[in-house]
J.: 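Sharing a structure here in C-alpha cells format.
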Amino acid sequence: MRRFLLEGLMRRPLTEAAPAPDGDASAELAAALERRARDRLGRSLAIRMVDAGSCNGCELEIQALGNPFYDLERFGLHFVASPRHADVLMVTGPVTHNMAEALRRTHDAMPAPKWVIAVGDCAKDGGCFAGSYAVAGGADAVVPVDLHIAGCPPDPTALLKGLRALVESRDIEAGQD
Amino acid sequence: MTELPDLAWTRARDFRAAPFGATTVSAPQWTALAQALAAGRVTLMSLWAEHGAVCMALHDSAARRVAVARLDGLGDGFPSVGLHHAPAQRLERAAADLFGLAPLGAEDARPWLDHGRWGILHPLGAAAPHPGHAPYPFLPVEGESLHQVPVGPVHAGIIEPGHFRFTAQGETVVRLEERLGYTHKGIDRQMQGASLARGAELAGRCSGDSTVAYSFAFAQATEAALVVKVPDRAFALRGIMAELERLANHLGDIGAICNDAAFPMMLAQTSVLREMVLRAAARAFGHRFMRDRIVPGGVTVDLDAEGVTAIRALVETIRDGFPPLVALYDTTASLLDRTVGTGHLSPDLAQRFGAGGHVGRASGRDYDTRRDLRYAPYDMLRLEVPLREDGDVNARIWLRIKEVEQSCSLITQMLNALPSGPVLAEVPPAGAARTGLGLVEGFRGDILVWLSLDPDGTIARCHMRDPSWFQWPLLEAVIEGNIIADFPLCNKSFNCSYSGHDL
C-alpha cells in the first residue's frame, strides 16, 4: 500500500483541466437561478441523483465524474445520499410510471431553493422510450427541470460543462450587472 | 410421470447459422419438462409468453445443446413451471403481468413488473384498463425480536432503483426480499412491430453497462433468423468490443466492491484503468460504451491503425498496472476480512438457478457461453474459463480478476489475427415468418435473445433475458445470516442489472 501512497505524492495528478462551462446551459440557468438563492448557496452545491428508469448508462458516466481524471469535488460539487441535504436533483432516464412517485417524493423532500438537472436524452423527453405505456415522459413530466445535459449517455466532459455552468452562473450573472 | 417430449435439440454451430425452431408440446409434456428442470436434468435458460403461448428455452449442458419448448393455444393460463422449479417463478410472474397468462398452481401469484401504475392491464395481451394500484404484500416474517429495514427504490448512491426489504434480528439478516420492476420501460411492447434498426437501438438500451453484449445478441438472433453471412472482420471487431466492455465493467466493479468495504483507494486506482478502457474504446470505435456499433449484418465502424494502437497500448497499461492492484487486494488483511466468507453462494444453488457469469463460476458452475455454446469470433480463440468453488465475495472478486487477464489475452489474440475485408453485410428480407436465437456472454453472464420476425421483416416478438433474472434471487439467498452492513459488498459482487431485468 505504501507504494501507492508514495506514487500518489510523487506523480503528477491525473486530473485534467476543467472544460469551459457550456454556454447554452449558462443561458438556460441564468433564467432559472434567482440571485438571492445563489448568494446564499455560494459556489458549493450538494447533488442528489435519482435514476427514474434509465438503462444505467448515464449512471456510469456520472460515477466516472468521481474518478481522478475528472475529480468533480474540486468544483465544490458533491453527491449526497439524502434529498434533505441536496440543492440539486439530478434525474436520469425516461421517467417510468413505476418510478414517478419516488421521483416526486424525492423532489418534495429537498429544501428550497432547489434545482433539477435532467441528464441524458431519455430525461429530456423520454428518448427512444417515449410513447411507451410504462413511461411518463422526460423528467419534466414529474418535476420542474432547470437544466438539461444531452447525450446517450453524455460523457463526463459534457456533464462537467453543464455542472460548471451551474456553479458559475453566479459569476456570469454578476458580470452582466 | 409423462415421458419427456422429443425436443428439437440444437447444437451451437447449427442454431448460430440458421433459424431456430421451437418444439410444440402438450400440457402434460410441459409439466414433465418442469419436473426435469427440478431434477436438474436440464437447465432453464428462459421462460416467456407470446400471443396465446408460453415458451421455455432449455439447456442440456452435458451435450452442449439448446431447445425451445412451446405450449400453444392458451386461454388464460398455463401449468406453472415455478411450482416445480423456483428459478421460473419471477419469469412466470412477469409473463402474467405482460400477457395475462397466469401460471396455474403457482404458489406466488403476486404481480412482479406491474406496480399498478401503467393505466392498462396486461399491456401485451388484452390491454384492458387497469383496476388500480393495490398495496404489494411482502412475504410474512414471523419470530421474536425481528425488525424490518426497507431500502429503496431510491438508493443512497449513484445506482439504479429497486426495493430491498430486510428483516433482521439484531444485525443479522434473516430474510431479504427484493421488489423490482421500477425501471420497466415497456421494451417488449416497443419491440413489437419495430423495424430491425429500431430493434437494435432498443436492444442496445436494455442495460447500459452491457450495450455491446445486448447488441451482439440481438444481431446474432437476427442473423440466424435471416441466415446472414457476416464478414469475418465484423466478428473480430465485435469480439474486441465485447472484451473491452467486460474489462471496463470488471475493473470498475473490483474497485467498487472494495470501496463498499471502506477501502476507496482500490476504487480510485481501478477507476483510472476503467477510464482508460473507455477512452480507448472511444478512440477506436467512436463511443465510450461502443453503443450502436453492432448491428444486424456486422458493425457500423471499422477499426483503423490508430484504433489498433490505442487498444494495444491499453492492454499494455492494464498488464503493467493491474497486477500491483491485485497484490494490494491480496495483501490487505483488513479488506480480506470483509470479503472472505461473506455472501456465500452454494454450488448447489448456483447450479439449480443456472447462474451465469462470475456469480455461477465462482460457485463451481463451469459454464461460459463463449466456450460451451460457441460463437464467432470465440470459436477461433484460446479461452481459459476460470472456475472456483468457494462462492463468497472474495471468490467473485478473484473470478473477475482472472477474467480481466483473459480479456486482455483475447483482445491481443484478435488484434494479432485481424481479418481484412468489409465489416457490414446486407441483411436479406425475411419473406416468411422466421425465428432466431442469440446467446452471448456479457460481463455478468449469458444474455438470451429470442426473436420472431413477421414476413415483412418487422419484429413480431423479441424476448431478451438478462443474466440478472437468475442472479437476483440468489442474492436474497447469500445475504441470509450476514449482517446488513455487508449487503453492499454482496450486492456489488453480484452487480445485477435492474434495467436489464425490468426492461
Side-chain angles (χ1 to χ4, degrees), chain A residues 1 3-5 7-8 14 47-70 79-83 90 92-103 105-106 109 120-122 126-136 152-153 155-156, chain B residues 113-115 117-120 123 127 152-161 181-187 189-190 198 201-202 204-211 248-249 252 256 265 267-269 271-272 274-276 278-279 282 287-289 291-292 324-325 328 331-332 497-500 502:
Chain A
M1 193 179 330
R3 201 196 110 181
F4 288 96
L5 293 172
E7 251 183 35
L14 291 167
I47 307 170
R48 168 68 246 202
M49 192 261 147
V50 171
D51 171 346
S54 93
C55 74
N56 77 32
C58 289
E59 282 63 47
L60 293 172
E61 292 297 50
I62 294 169
Q63 280 171 6
L65 288 173
N67 80 32
F69 289 96
Y70 304 107
F79 287 96
V80 291
S82 170
M90 195 181 249
T92 62
V95 180
T96 63
H97 285 303
N98 288 352
M99 267 307 285
E101 185 184 338
L103 175 63
R105 285 205 206 172
T106 306
D121 292 344
C122 293
C128 70
F129 305 109
S132 165
Y133 65 87
V135 167
C152 184
D155 62 29
Chain B
L113 299 176
D114 181 0
H115 294 194
R117 292 166 186 271
W118 298 334
I120 51 171
V154 177
H155 295 156
I158 304 168
I159 51 168
E160 297 180 80
Y182 290 93
T183 68
H184 178 74
K185 294 178 269 291
I187 292 180
R189 196 168 93 176
Q190 288 192 301
R198 167 80 170 140
E201 181 193 25
L202 286 168
R205 284 156 180 81
C206 290
S207 186
D209 51 18
S210 302
T211 177
N249 283 302
M265 181 202 258
L267 178 60
Q269 299 287 342
S271 69
V272 168
R274 177 186 154 85
E275 178 69 20
M276 288 174 166
L278 299 182
R279 288 181 177 199
H287 191 282
R288 284 161 61 87
F289 295 160
R291 181 165 262 171
D292 300 331
L325 293 173
L328 174 65
T331 54
T332 306
S497 174
Y498 299 71
S499 183
D502 297 348

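Here is how names work: the chains are called A, B, and so on, in the same order as the sequence lines, proteins then strands, and each is numbered from 1.
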J.: Find the one option among S271(B), S207(B), S210(B) whose heavy-atom pairs under 4.5 Å with chain A are most numerous.
T.: S207(B)
J.: Where on R205(B) is there a heavy atom nearer than 4.5 Å to chain A: the side chain, the backbone, both, or neither?
T.: both
J.: Would you confirm whether the ring centroid of H184(B) sits within less than 6.0 angstrom of the ring centroid of Y133(A)?
T.: yes
J.: Measure distances from C152(A) to the heavy atoms of chain B and classify the residue's part below 4.5 Å as side chain, backbone, both or neither.
T.: both
J.: Is a side-chain N or O of N56(A) found less than 3.5 angstrom from the main chain of G208(B), in a donor-acceptor match?
T.: yes
J.: For R117(B), check salt bridge (charged side-chain N to carboxylate O under 4.0 Å, His left out) against everything at least two apart and list the hits.
T.: E101(A)
J.: How close do S54(A) and E160(B) get, counting heavy atoms only, and between which atoms?
T.: O-OE1, 4.2 Å
J.: For a quick test of reading the model, state the closest non-hydrogen atom pair linking C55(A) to R291(B) and the distance between them.
T.: SG-NH2, 3.0 Å
J.: Would you mind telling me which of P324(B), G186(B), P161(B) has the largest number of heavy-atom pairs within less than 4.5 Å of chain A?
T.: P161(B)
J.: Please step through side chain to side chain contact (heavy atoms under 4.5 Å, CB included) for the pair L60(A) and F289(B), ending with a clear verdict.
T.: CA-CA 10 Å; L60(A) 293 172; F289(B) 295 160; 3.7 Å; yes
J.: Is it the side chain or the backbone of P153(A) that comes within 4.5 Å of chain B heavy atoms, both, or neither?
T.: both
J.: For V95(A), is it the side chain, the backbone, both or neither that has a heavy atom under 4.5 Å from a heavy atom of chain B?
T.: neither
J.: Taking all heavy atoms of T96(A) and all of Y182(B), pick out the closest pair and write down the distance.
T.: OG1-O, 2.7 Å
J.: Specify the closest pair of heavy atoms between G181(B) and N98(A), including all atoms of both residues, with the distance to one decimal.
T.: O-ND2, 2.8 Å
J.: Measuring heavy-atom distances to chain A, does E201(B) have an atom under 4.5 Å in its side chain, in its backbone, in both, or in neither?
T.: side chain
J.: Checking R198(B) side chain against C128(A) main chain: does a donor-acceptor pair fall under 3.5 Å?
T.: yes
J.: Over all heavy atoms of both residues, which pair between A102(A) and V154(B) is shortest? Give the atoms and the distance, please.
T.: CB-CG2, 4.0 Å
J.: Checking heavy atoms, do the side chain of T92(A), its backbone, both or neither come under 4.5 Å from chain B?
T.: neither
J.: When heavy-atom pairs shorter than 4.5 Å are enumerated against chain A, which of R189(B), Q269(B), R274(B), R279(B) gives the highest number?
T.: R279(B)
J.: Calculate, to the nearest 0.5 Å, the distance between atoms CD and CG belonging to E59(A) and D209(B) respectively.
T.: 10.0 Å
J.: How many angstroms lie between atom CE of M276(B) and atom CG of L14(A), to the nearest 0.5 angstrom?
T.: 6.5 Å
J.: Where does L103(A) contact chain B at under 4.5 Å (heavy atoms): side chain, backbone, both or neither?
T.: neither
J.: Checking A109(A) against chain B: side chain, backbone, both or neither under 4.5 Å from a heavy atom?
T.: neither
J.: Examine distances only and state if a side-chain atom of K185(B) and a backbone atom of S132(A) form a donor-acceptor pair shorter than 3.5 Å.
T.: no
J.: What's the separation between atom CZ in R288(B) and atom CG in D155(A), rounded to the nearest 0.5 Å?
T.: 6.0 Å
J.: Report which part of L202(B) has an atom under 4.5 Å of a heavy atom belonging to chain A: side chain, backbone, both, or neither.
T.: side chain
J.: Using non-hydrogen atoms only, which part of L113(B) is less than 4.5 Å away from chain A: side chain, backbone, both, or neither?
T.: backbone
J.: Could you look at H155(B) and say if it's the side chain, the backbone, both or neither that has a heavy atom under 4.5 Å from chain A?
T.: backbone
J.: Quick one: what part of R3(A) sits under 4.5 Å from any heavy atom of chain B, side chain, backbone, both or neither?
T.: side chain
J.: Please check if the side chain of Q63(A) supplies one atom and the backbone of I158(B) the other of a donor-acceptor pair under 3.5 Å.
T.: yes
